[in-house]
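Shown next, in structure tokens, is the structure this report addresses.
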Amino acid sequence: EKNAALGIETTTGPLGQGIANAVGMAMSRDYLRSEKLASHQYTVWAFVGDGCLMEGISHESASLAGTLGLDNLIVFYDANQITIDGHIDGWFQEDVKKRFEAYGWSVIDNVDGHDFKEIHESIHHALSLKGPVLIKCHTSIGKGIPDWEGKHQCHGQALGEDRYQKTKKAIGVIKPFMVPEDIYDHWQTSQPTYLMEEPVTPITLKDHTNFEQIFIEAKKMTQAIATRKSSQWVLERINRKGLVGGSADLTASNLTKVSTSIPRVPEKIDGNYINYGVREFAMSAIANGMALEGNIIPYVATFLVFSDYAKNAIRMSALMKLQVIYIFTHDSIGLGEDGPTHQPVEQLTMLRATPNLNVWRPANTLETICAWESALKEADTPSCLVLSRQSVPAFTNITRENVLRGGYCLLQPNAPVMVIVATGSEVSLALSVAESLNSKGVLIQVVSMPCMEVFREQSSEYKANVIPQDVPVVAIEAGAKATWYEWAGRDGLVIGLDDFGMSGPGKEVMEIMNFSKEKVLEQVLSFMQSKKMRMEYQ
């Protein structure tokens, strides 16, 4: 869906995302130029229609572009007043010119979108203006179709053979396919000039981060810490130009700002940290635009529950194979007091259902290090780092190589009678349950699976060693159960959530929703009895 060599800068389809992509491209260009990594200033052009400007994301992204005063961003608005349902009078009557001027844009209005001279003049005018520019072109949809010009039928319906022939005759097209001579001549004349322009110099922004050393350093840390804090600790140690971050008004909660972060504000184009405001959807689509530029790795952040707002853009990241890193904190009902509106339940399942998207839910600092390492090395796959608000215990008896496989054994006794698999804050819960059973001679294998997608890519032999096929499997995660049956099987036990959370301190909410050691142990024992497993545990 993208191929710059063919002139395809970004995929199309989801209305409104294109203008956000353009904002991201312009921001990338400014950053690279400020770092003396781009050889010249270029203009970013975008084309939008009435439907694009109805979408909420156009408001979000245009507002931020105006606030930042993005220069050399020029958007053509094809104002044909038609969408699929018909003329827009009944559902879109706002003054777009005043709206964009209120954002801080310059607006060139009343351009005849069928007059080449007026279009040419508007372009020259736009290039002379500071900040982002909207050129409003008034057009008639289906120009030249005898009975459909200006009507919604030609928005998406096929002309049919008779109407097709009449239209060709009306606009003077004789051959089945032809390029008008004046356009052909103009192209032939301008092509040499275009080819002689200064080429864009390829840029290589290398990652100089020593993840092995960071992992060794973290092994000395024994205190309990929230994985959102672990992530910030890792970010402080990442040594890579071109890593541009930001948060949707939750910087202090997402912990995405570090000592090297420079705020991107008006007139300061060298900023590598963007305060996106409360604009989760635009933030994510802008990040896609930054990644599409090709030389920057953007990371953006919000609460996991608000990934719902960003989902359409996340899908485009995955579809276009863009290296965008999504940081989603406050990852479960364990966040506590904000209540069920902020406590994610189904979001992990939603993200894991998206093709070509790696979803990491690390259990501690060491796994968080590996999640960042993977995200920075996966050039064709976006990554989600799903992080806890509450502190989680440290455990250090793991290797970097195993974590980077997406799933590995934390406890691996000989001839286990059952496997418990967990992620994130529930890994320590799985360990405590297994240790109680193991102390009574009931041998339990414990698996941490921070990333299902990466684990799925491992060899059959490795996966069978981690999750043997001949023993029952219990999966524990404080979220929707759906994705876990792949590993537990239909005869396994999945301890998850079939309901929304509740308001209250995080620890109490977890206990009430059956995520305490005692409640989980009770469920596991009942499951073992249902399997008629022999055990000595009392």
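None of these values were measured; they are calculated from a predicted model. The analysis underlying the following values was restricted to heavy atoms, covering all of them including side chains, and did not include hydrogens, waters or symmetry mates.
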Give me the atom names and distance for the closest heavy-atom approach of [X] to [Y].
X	Y	result
A20	I57	CB-CD1, 4.0 Å
G246	T256	O-OG1, 4.2 Å
S28	M290	OG-CA, 3.0 Å
M449	W484	SD-CZ3, 4.3 Å
V471	V417	CB-O, 3.8 Å
C370	F215	SG-CE1, 3.8 Å

query: Between F455 and W487, does the ring centre distance come in under 6.0 Å?
result: yes

Evaluate the side-chain proximity of [Y] to [X]: yes if any heavy-atom separation is below 4.5 Å, no if none is.
X	Y	value
I420	V433	yes
Q17	E55	no
I467	V473	yes
N465	Y408	no
N364	T368	no
I369	F211	yes
T329	L250	no
I512	M502	yes

Quick check for you: to the nearest 0.5 Å, what is the distance between [X] atom [atom1] and [Y] atom [atom2]?
X	Y	atom1	atom2	result
N358	T381	CG	OG1	5.5 Å
I297	K377	CD1	NZ	12.0 Å
Q523	I476	CD	CD1	8.5 Å
S448	L411	OG	CG	11.0 Å
L493	S526	CG	OG	8.5 Å
T354	M350	OG1	CE	6.5 Å

- prompt: Yes or no on side chain to side chain contact (heavy atoms under 4.5 Å, CB included) for C409 and Q445, after CA distance, side-chain angles and deciding distance?
  reply: CA-CA 7 Å; C409 294; Q445 184 155 304; 3.3 Å; yes

- request: Please test W372 against S231 for side-chain hydrogen bond (donor to acceptor under 3.5 Å, both in side chains), starting from the C-alpha separation and ending with a verdict.
  value: CA-CA 8 Å; W372 267 107; S231 174; 3.0 Å; yes

Verify the neighbour count for atom [atom1] of [X]: are there more than 12 heavy atoms of other residues, nucleotides or ligands below 6.0 Å?
X	atom1	value
K463	NZ	yes
E461	CD	no
E486	CD	yes
E373	CD	yes
Y485	OH	yes

Residue pair R228, N254: steps toward the side chain to side chain contact (heavy atoms under 4.5 Å, CB included) verdict: CA-CA 6 Å; R228 61 173 176 156; N254 299 146; over 6 Å; no

message: Regarding E453 and R405, does a basic nitrogen lie under 4.0 Å from an acidic carboxylate oxygen?
response: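 Salt bridge between E453 and R405, a charged N being under 4.0 Å from a carboxylate O: no.
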
task: Answer yes or no: is there an ion pair linking R264 with D30, defined by an N-O contact shorter than 4.0 Å?
output: yes

field: Passing candidate, side-chain hydrogen bond (donor to acceptor under 3.5 Å, both in side chains) with E1, options T10, T11, T12
entry: T11

- request: Begin with the C-alpha distance, continue with both residues' side-chain angles, and end with the deciding distance and a verdict on side-chain hydrogen bond (donor to acceptor under 3.5 Å, both in side chains) for K517 and S436.
  value: CA-CA 10 Å; K517 176 182 175 180; S436 291; 3.0 Å; yes

- request: Give the intermediate values and the outcome of side chain to side chain contact (heavy atoms under 4.5 Å, CB included) for residues V403 and L366.
  value: CA-CA 8 Å; V403 179; L366 295 175; 5.7 Å; no

Under 3.5 Å: donor-acceptor pair, side chain of [X], backbone of [Y]:
X	Y	answer
Q232	K257	yes
N275	G277	no
Q458	V454	yes
E60	A282	yes
S516	E511	no
E378	S383	no
T251	S247	no
Q323	L376	yes
S428	S425	yes

message: Applying side-chain hydrogen bond (donor to acceptor under 3.5 Å, both in side chains) to E293 and N295, what does each step give before you reach the verdict?
response: CA-CA 6 Å; E293 199 283 336; N295 300 295; 2.9 Å; yes

Using distance only, find each side-chain donor-acceptor pair of residues 330-340 under 3.5 Å and give its atom names and separation, not counting sequence neighbours.
from : atom 1 : to   : atom 2 : distance (Å)
D331 : OD2    : R361 : NE     : 2.9
D331 : OD2    : R361 : NH2    : 3.2
S332 : OG     : G334 : N      : 3.0

- request: Start with the C-alpha distance between E477 and R352, add both sets of side-chain angles, then the distance that settles salt bridge (charged side-chain N to carboxylate O under 4.0 Å, His left out), and finish with yes or no.
  value: CA-CA 14 Å; E477 186 173 69; R352 286 171 179 153; 2.8 Å; yes

- request: Under the side chain to side chain contact (heavy atoms under 4.5 Å, CB included) rule, what do L322 and K2 come out as? Steps first, then yes or no, please.
  value: CA-CA 10 Å; L322 301 179; K2 65 173 175 62; 3.5 Å; yes

What donor-acceptor contacts under 3.5 angstrom involve side-chain atoms of residues 301-319, with partners at least two apart or in another chain?
from : atom 1 : to   : atom 2 : distance (Å)
S307 : OG     : L304 : O      : 2.7
D308 : OD1    : Q347 : NE2    : 3.4
D308 : OD2    : Q347 : NE2    : 3.0
S317 : OG     : N288 : OD1    : 2.4
S317 : OG     : A313 : O      : 3.1
S317 : OG     : Y326 : OH     : 2.6

query: R389 and T227: side-chain donor and acceptor closer than 3.5 Å?
result: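 T227 and R389 do not have a side-chain donor-acceptor pair below 3.5 Å.
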
query: Between the side chains of T83 and D85, is a donor N or O closer than 3.5 angstrom to an acceptor N or O?
result: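 No, no side-chain donor-acceptor contact under 3.5 Å.
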
message: Would Y273 and T260 count as a side-chain hydrogen bond (donor to acceptor under 3.5 Å, both in side chains) here? Give the steps.
response: CA-CA 9 Å; Y273 190 86; T260 55; over 6 Å; no

